[in-house]
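Structure, as structure tokens:
All chains are named by letter (A, B, ...) in the order of the sequence lines, taking the proteins before the strands, and each is independently numbered beginning at 1. Values reported hereafter were calculated over all heavy atoms of this structure, with side chains retained and with hydrogens, waters and symmetry mates removed.
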There are 4 protein chains.
Amino acid sequence: MTDVGGIAADQLASYVERIEKLEEEKANLMADIKEVYGEAKALGFDVKILRQIIRLRKMEEHERIEQEEILDVYKRALGMV
Amino acid sequence: MTDVGGIAADQLASYVERIEKLEEEKANLMADIKEVYGEAKALGFDVKILRQIIRLRKMEEHERIEQEEILDVYKRALGMV
Amino acid sequence: MTDVGGIAADQLASYVERIEKLEEEKANLMADIKEVYGEAKALGFDVKILRQIIRLRKMEEHERIEQEEILDVYKRALGMV
Amino acid sequence: MTDVGGIAADQLASYVERIEKLEEEKANLMADIKEVYGEAKALGFDVKILRQIIRLRKMEEHERIEQEEILDVYKRALGMV
DNA sequence: CTGCCATTTTACCGGC
DNA sequence: GCCGGTAAAATGGCAG
């Protein structure tokens with residue numbers, strides 16, 4: 001299982017590489033996002049509020065999903081499958 | 001400053017859109033990363049350790065050494081050898 | 001600063017102890033909470049929903065605070081101190 | 001099962017109360033812990049490392065050793081010496 | 001027993 | 001330089 005002498009070392013290296021590549025892309029995106037916030041700020045928008053907006057819009061979706069889940073739970077509880 | 005009446009509303013909408021688009025891409029990447037960890041796990045690698053490796057490699061070498069040294073000092077002070 | 005040979009070792013040990021003690025109490029509380037959820041579940045309540053209730057009630061308070069904060073931000077933005 | 005009409009409503013309210021009370025105590029403890037870390041920091045201790053220590057001490061000794069060993073194996077496999 | 005979701009914890013980043 | 005809040009990582013519980 002964990003004999004990382006032999007070909008497993010190559011596999012391990014491969015996984016590490018793939019993850020690091022993806023993480024780098026992610027870091028770039030995060031930097032982009034930050035930049036956008038910076039721009040907005042430079043134009044006078046309140047970043048804190050802006051973040052709240054983003055969060056709320058995300059939540060609205062989640063909330064909808066969640067509501068559906070609750071509904072579903074109750075349906076099941078009532079045998080309405 | 002924050003009078004979001006007039007063209008500013010458009011700007012605000014634009015920023016929100018841009019951010020949400022970037023965040024979506026980010027979410028996708030995160031899903032990809034998760035998937036890679038899943039693969040590695042399926043082949044018998046220890047995911048927890050793998051994450052540690054990724055974390056360690058993110059640090060500058062000297063920084064990592066330094067932290068390990070401090071940790072060691074604390075361990076000795078506490079008799080954790 | 002970090003010469004942990006000498007009295008500093010005692011200090012360090014003291015901090016570690018204090019933290020561990022508090023963490024233990026916290027762990028106990030968490031166990032208690034879990035137990036309560038377990039009881040409720042045993043009586044037929046849906047734990048997931050119950051958690052949502054708790055979360056919502058907590059949020060309502062936070063939301064209120066948050067609203068006040070936003071209001072404050074806008075007041076400041078408008079020079080209404 | 002989840003018909004919360006009748007006496008069950010009282011039960012539900014009771015559970016909510018109990019949980020909220022426990023959560024409040026938990027919040028207090030968390031504040032205390034934070035305070036202790038703050039004190040330690042004020043005296044020159046490295047909080048981040050201190051947290052690592054606490055985490056390490058939470059593990060069983062042999063478990064900790066084992067993890068360190070696996071980590072070492074992975075490091076070698078990746079040429080991180 | 002595995003994968004998923006929620007919770008908790010850690011680290012980061014900005015303002016004061 | 002610290003402190004607060006905010007987001008990411010990691011851990012743990014639960015269901016299927």
Side-chain angles (χ1 to χ4, degrees), chain A residues 19 22-23 26-27 29-31 33-35 37-38 40-42 46-56 58-59 62 65-66 69-70 72-73 76, chain B residues 19 22-23 26-27 29-31 33-35 37-44 46-56 58-59 63 67, chain C residues 19 22-23 26-27 29-31 33-35 37-38 41 46-56 58-59 62 65-66 69-70 72-73 76, chain D residues 19 22-23 26-27 29-31 33-35 37-44 46-56 58-59 63 67:
Chain A
I19 291 168
L22 290 168
E23 294 241 325
K26 180 156 76 83
L29 277 175
M30 286 170 70
I33 291 169
K34 199 171 162 185
E35 207 180 323
Y37 277 116
K41 179 177 183 177
D46 185 309
V47 171
K48 191 173 170 183
I49 305 286
L50 188 44
R51 281 187 189 278
Q52 278 175 1
I53 304 251
I54 298 290
R55 205 181 332 134
L56 284 176
K58 204 181 291 175
M59 262 206 274
H62 276 190
I65 306 283
E66 211 175 64
E69 280 176 0
I70 300 181
D72 200 59
V73 169
R76 286 173 195 281
Chain B
I19 292 168
L22 291 168
E23 295 241 324
K26 180 156 73 81
L29 277 175
M30 286 170 71
I33 291 169
K34 198 172 166 184
E35 207 180 322
Y37 276 115
E39 264 185 60
K41 179 177 183 174
L43 286 203
D46 186 315
V47 172
K48 194 170 168 184
I49 305 287
L50 189 45
R51 284 183 188 279
Q52 278 189 61
I53 293 278
I54 297 290
R55 214 183 319 134
L56 288 173
K58 226 180 261 175
M59 295 189 198
E63 189 186 3
Q67 292 228 355
Chain C
I19 291 168
L22 290 168
E23 294 240 325
K26 179 156 77 83
L29 277 176
M30 287 170 70
I33 291 169
K34 197 172 163 185
E35 206 180 322
Y37 278 115
K41 180 176 182 174
D46 185 309
V47 172
K48 192 173 172 184
I49 305 285
L50 188 45
R51 282 186 187 278
Q52 280 176 1
I53 303 253
I54 299 289
R55 201 176 340 130
L56 285 176
K58 203 181 290 176
M59 265 206 272
H62 276 189
I65 307 282
E66 210 177 64
E69 280 176 1
I70 300 182
D72 201 59
V73 169
R76 288 171 194 282
Chain D
I19 291 168
L22 291 168
E23 294 244 325
K26 179 156 76 83
L29 277 176
M30 286 170 71
I33 291 169
K34 200 171 164 184
E35 207 179 323
Y37 276 114
E39 263 186 62
K41 179 178 184 173
L43 286 204
D46 186 315
V47 172
K48 196 172 166 183
I49 304 289
L50 188 45
R51 285 184 187 280
Q52 279 190 59
I53 294 278
I54 297 289
R55 214 180 320 133
L56 288 173
K58 229 179 260 178
M59 297 189 198
E63 188 184 5
Q67 293 227 353

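When the C1' atom of dT7(E) is taken as reference, atom CG of Leu22(D) falls 17 Å away, rounded to whole Å. Separating the CD atom of Glu69(A) from the C1' atom of dA6(E) is a distance of 11 Å, rounded to the nearest angstrom. If you measure from atom CG of Asp46(C) to atom P of dA6(E), you get 12 Å, rounded to the nearest angstrom. Between the CE atom of Met30(B) and the C1' atom of dC5(E) there is a distance of 14 Å, rounded to whole Å. We find that CG of Leu56(D) is positioned 16 Å from P of dT9(E), with the value rounded to whole Å. Protein atom CD of Gln67(B) is 14 Å distant from nucleotide atom P of dT10(E), rounded to whole Å. For the pair Glu35(A) CD and dC13(E) P, the computed distance is 15 Å after rounding to whole Å. Lys48(A) has its NZ atom 18 Å from the P atom of dC13(E), to the nearest Å.
Residue Lys58(D) is classed as having no contact, given no heavy-atom separation below 4.0 Å to the nucleic acid. Across all strands, Lys41(C) comes closer than 4.0 Å only to sugar-phosphate atoms, never to a base (heavy-atom distances). The residue Lys26(B) sits close only to the backbone: its heavy atoms come under 4.0 Å of sugar-phosphate atoms, none of a base.
Comparing Lys34(D) and Lys34(C) against DNA chain F, the residue whose closest nucleotide sits nearer the 5' end is Lys34(D). In this structure, Gln52(C) and Arg55(B) both approach DNA chain E, and ranking their closest nucleotides by distance from the 5' end singles out Gln52(C).
Between the CD1 atom in Ile54(B) and the CD1 atom in Ile49(B) there is a gap of 12.5 Å [rounded to 0.5 Å]. With rounding to the nearest 0.5 Å, the separation of CG in Leu50(A) from CD1 in Ile19(B) is 4.5 Å.
Of all heavy-atom pairs between Lys26(A) and Leu29(B), the closest is N-CD1, 3.5 Å.
Chain C approaches DNA chain F within less than 4.0 angstrom (heavy atoms of the protein), and the contacting nucleotides run 5' to 3' from dG13(F) to dA15(F).
Between Arg55(A) and Glu66(C) a salt bridge is recorded (basic side-chain N to carboxylate O distance below 4.0 Å).
Side chain of Arg51(D), nearest nucleotide from dT9(E), dG14(E), dT10(E): dT10(E).
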